[in-house]
Q: 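Let me begin by handing over the structure; questions about it come next.
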Amino acid sequence: MTKFSRKRLLVTAAPLVAAGPLARVAFADAEHSATHEGHDHAHAALGHAAMIGADVPSIERSAAIDALLTPPPALPHRPGRVREYELVARDVDLEVAQGVTYPAWTYNGTAPGPVIRATEDDLLRVRFVNGGGHPHTIHFHGIHPATMDGVFEIVQPGGSFTYEFPARPWGMHLYHCHATPLKKHIHKGLYGAFIIDPPKPRKPAQELVMVMNAFDTDGDGENNFYAVNGPAFYYARHPIRVSRSQTVRIYLANLTEFDLINSFHLHGDFFRYYHTGRDELVEYTDTVVLAQGERGILEIDFANTGHFMFHAHQSEFAELGWMGFFEVVD
Ligand code: CU
Ligand code: CU
């Protein structure tokens, strides 16, 4: 496979991505970013419809991707109740940007995998079947026995293992494969969001899950596309409709490999940010920065209706797919 830098990909790979106006602008901007002309060109074009709607270079609407955005409902506190999930590792070719396919390793066919949700003190039971071509595990963040940690019980292709432990502590967590080489197993797509609800229920809200991820489609150890929940630019092409009358709550986790940090920035409003989903650690801001494995909960009470952008506040990540829109309606 030809080895070339991300910068070079930006310049040369435009034909790889079906040539939507945004793609052209993104690539052109990278190529000419030192010139005033390049900026003018980008601003002129980006100011129009190309950033949102049918021309955005993302995939068609996908039921599997849409399912990742909405978590299963929270259940009331009932200690000892069994919460069961089944995760099957599968090697799947995913379309991670329009016309760009990536040979992913997945839990249940998507990267990220399904949202796992429990209430504190539920007995969580996750049956893992390895239908992929490599040894895998599931490592959960949280409190559990060493034998349930996804480090020692390497599950070979064709094998299975059942993880079982009481769900705690409440908060926003994540899970991922912990087979070696770890960097590869995470980057290939084996990760997901893990929500543990507090005994005292959170206030009702419009709940969303966003797992920040990226894909190195040319295998040079640098990411070429960035997103939340999978395909680049998905929520720019398919904005997330929310109501102004109720809090929007986002469960956010960073599973981006290779890059040290990722971030979430909201336009036109502020949010409360709960680090690790814990009420003790809250700030009021419009931008949060997360290292890999960091996660938290955002609560937005939109003041206005209309389309509001959200994106990584690393401009390059945004231009390579990690951006989208809320459509706030009454
Ligand atoms: Cu693995
Ligand atoms: Cu981890």
Side-chain angles (χ1 to χ4, degrees), residues 68-81 83 85 112 115-124 126 138-146 148-150 163 165-176 178 186 191-213 228-229 242 246-256 260-303 310 312-313 326:
L68 296 172
L69 185 65
T70 309
L75 297 184
H77 188 227
R78 197 184 334 137
R81 173 183 50 212
R83 292 290 284 273
Y85 292 87
V115 180
I116 293 183
R117 187 168 200 172
T119 305
E120 188 170 76
D121 303 318
D122 279 346
L123 182 65
L124 186 67
V126 179
I138 308 175
H139 163 68
F140 296 89
H141 285 220
I143 302 171
H144 48 250
M148 293 291 154
D149 195 40
Y163 299 88
F165 51 86
R168 67 193 179 101
W170 61 266
M172 172 58 187
H173 308 306
L174 51 112
Y175 66 88
H176 55 85
H178 221 297
I186 291 183
Y191 46 74
F194 175 30
I195 301 167
I196 302 182
D197 291 297
K200 180 171 177 277
R202 297 184 191 279
K203 290 197 182 73
Q206 304 166 83
E207 295 200 324
L208 307 171
V209 176
M210 294 189 187
V211 175
M212 301 194 281
N213 57 356
V228 282
N229 297 351
V242 295
Q246 194 180 43
T247 299
V248 174
R249 177 178 299 134
I250 304 169
Y251 295 88
L252 179 73
N254 180 18
L255 270 305
T256 312
L260 291 178
I261 59 166
N262 205 328
S263 57
F264 180 105
H265 168 56
L266 176 66
H267 283 216
D269 223 310
F270 263 51
F271 52 81
R272 297 178 293 283
Y273 183 69
Y274 302 89
H275 289 266
T276 319
R278 298 292 301 190
D279 293 353
E280 308 90 320
L281 301 165
V282 61
E283 65 180 292
Y284 188 56
T285 182
D286 64 5
T287 307
V288 288
V289 173
L290 297 86
Q292 189 193 60
E294 283 197 304
R295 67 281 187 188
I297 296 175
L298 289 68
E299 287 183 347
I300 312 166
D301 293 308
F302 279 103
F310 59 94
H313 215 304
F326 291 111

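We're numbering straight along the sequence, starting at 1.
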Q: Does H77 use its side chain to pair, donor to acceptor, with the backbone of P198 at less than 3.5 Å?
A: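 No: the side chain of H77 does not pair with the backbone of P198.
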
Q: Could R202 and E299 be called an ion pair, given the rule that one side-chain N must be under 4.0 Å from one carboxylate O?
A: no

Q: Please report the C-alpha distance between M212 and L255 in whole Å, then the side-chain angles of each, then the deciding distance to 0.1 Å, and finally whether the side-chain contact (heavy atoms from CB on, under 4.5 Å) criterion is met.
A: CA-CA 6 Å; M212 301 194 281; L255 270 305; over 6 Å; no

Q: Distance check, rounded to the nearest 0.5 Å: L208 atom CG versus I250 atom CD1?
A: 5.5 Å

Q: Do the side chains of I300 and V242 get nearer than 4.5 Å, heavy atoms only?
A: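 No. Closest side-chain heavy atoms not under 4.5 Å.
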
Q: On a heavy-atom basis, which atom in P169 and which in E120 lie closest, and how many Å separate them?
A: CA-OE2, 3.4 Å

Q: Using side-chain heavy atoms (C-beta onward) and a distance below 4.5 Å, is Y191 in contact with L174?
A: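 Side-chain contact under 4.5 Å: no.
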
Q: Over 60° means perpendicular and under 30° means parallel, so classify the ring planes of F165 and H144, tilted if in between.
A: tilted

Q: Does a donor on one side chain and an acceptor on the other come within less than 3.5 Å for H275 and E294?
A: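 No - no donor-acceptor pair under 3.5 Å links their side chains.
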
Q: For T256 and Q292, work out which heavy atoms get closest and say how close.
A: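 Smallest interatomic distance, heavy atoms only, reads O-NE2, 3.2 Å.
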
Q: List the atom of P199, the atom of W170, and the distance in Å for their closest heavy-atom pair.
A: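 Taking P199 first and W170 second, the nearest heavy atoms are CD-CD1, 3.7 Å.
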
Q: Should T247 and K203 be marked as a side-chain contact (heavy atoms from CB on, under 4.5 Å) after you check the CA-CA gap, both sets of side-chain angles, and the distance that decides it?
A: CA-CA 9 Å; T247 299; K203 290 197 182 73; over 6 Å; no

Q: What is the distance from atom CG of D122 to atom CZ of R78, rounded to the nearest 0.5 Å?
A: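 Spacing of CG (D122) from CZ (R78) equals 8.5 Å.
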
Q: Can you say whether the rings of F310 and F326 are parallel (under 30°), tilted (30 to 60°) or perpendicular (over 60°)?
A: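 Ring orientation of F310 relative to F326: tilted.
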
Q: Mind checking the CZ-CG spacing from R81 to L123? Nearest 0.5 Å is all I need.
A: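 The distance works out to 11.0 Å.
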
Q: Within the 4.5 Å heavy-atom criterion, are I196 and L124 side-chain neighbours or not?
A: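 Of all side-chain heavy-atom pairs linking L124 with I196, none is under 4.5 Å.
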
Q: Answer whether the closest heavy-atom distance between the side chains of T119 and P76 falls below 4.5 Å.
A: no

Q: Is the shortest side-chain heavy-atom distance between R295 and T276 below 4.5 Å?
A: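 A side-chain contact exists here, since the closest heavy-atom pair is under 4.5 Å.
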
Q: Counting distance only, does the side-chain N/O of R83 pair as donor-acceptor with the main-chain N or O of V126 below 3.5 Å?
A: no

Q: Side chain of N254, backbone of L290: donor and acceptor closer than 3.5 Å?
A: yes

Q: Give a yes or no on whether R168 atom CZ has more than 12 heavy-atom contacts from other residues, nucleotides or ligands under 6.0 Å away.
A: no

Q: Which pair of non-hydrogen atoms, one from V211 and one from P112, has the smallest distance, and what is that distance?
A: CB-CG, 3.8 Å

Q: Out of curiosity, H176 NE2 to I186 CD1, how far, rounded to the nearest 0.5 Å?
A: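 Going from the NE2 atom of H176 to the CD1 atom of I186 covers 4.5 Å.
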
Q: Could you check, using the six-membered ring where one of them is a Trp, whether H173 and Y175 have ring centers closer than 6.0 angstrom?
A: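 Between H173 and Y175, the centre distance exceeds or equals 6.0 Å.
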
Q: I'd like to know if the side chain of Y85 and the backbone of R117 have a donor-acceptor N/O pair within less than 3.5 Å.
A: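 Present.
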
Q: Measure the spacing between CD1 of I116 and CZ of F194 and express it to the nearest 0.5 Å.
A: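 Reported value, rounded in 0.5 Å steps: 7.0 Å.
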
Q: For N213 and N229, which heavy atoms make the closest approach, and how far apart are they?
A: OD1-N, 3.8 Å

Q: Closer than 3.5 angstrom, by distance alone: can the side chain of Y251 be matched with the main-chain N or O of A193 as a donor-acceptor pair?
A: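 Flag not set: sc Y251 to bb A193 has no pair under 3.5 Å.
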
Q: Tell me whether the centres of the aromatic rings in Y273 and F264 are closer together than 6.0 Å.
A: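 Not close enough - the centres of the two rings lie 6.0 Å or further apart.
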
Q: Quick one: CG on L298 to CG on L266, what's the gap to the nearest 0.5 Å?
A: 8.0 Å

Q: Side chains of P166 and D121: closer than 4.5 Å at any heavy-atom pair?
A: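 No, side chains not in contact.
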
Q: Can you tell whether the side chains of E207 and R249 come within less than 4.0 Å, N to carboxylate O?
A: yes

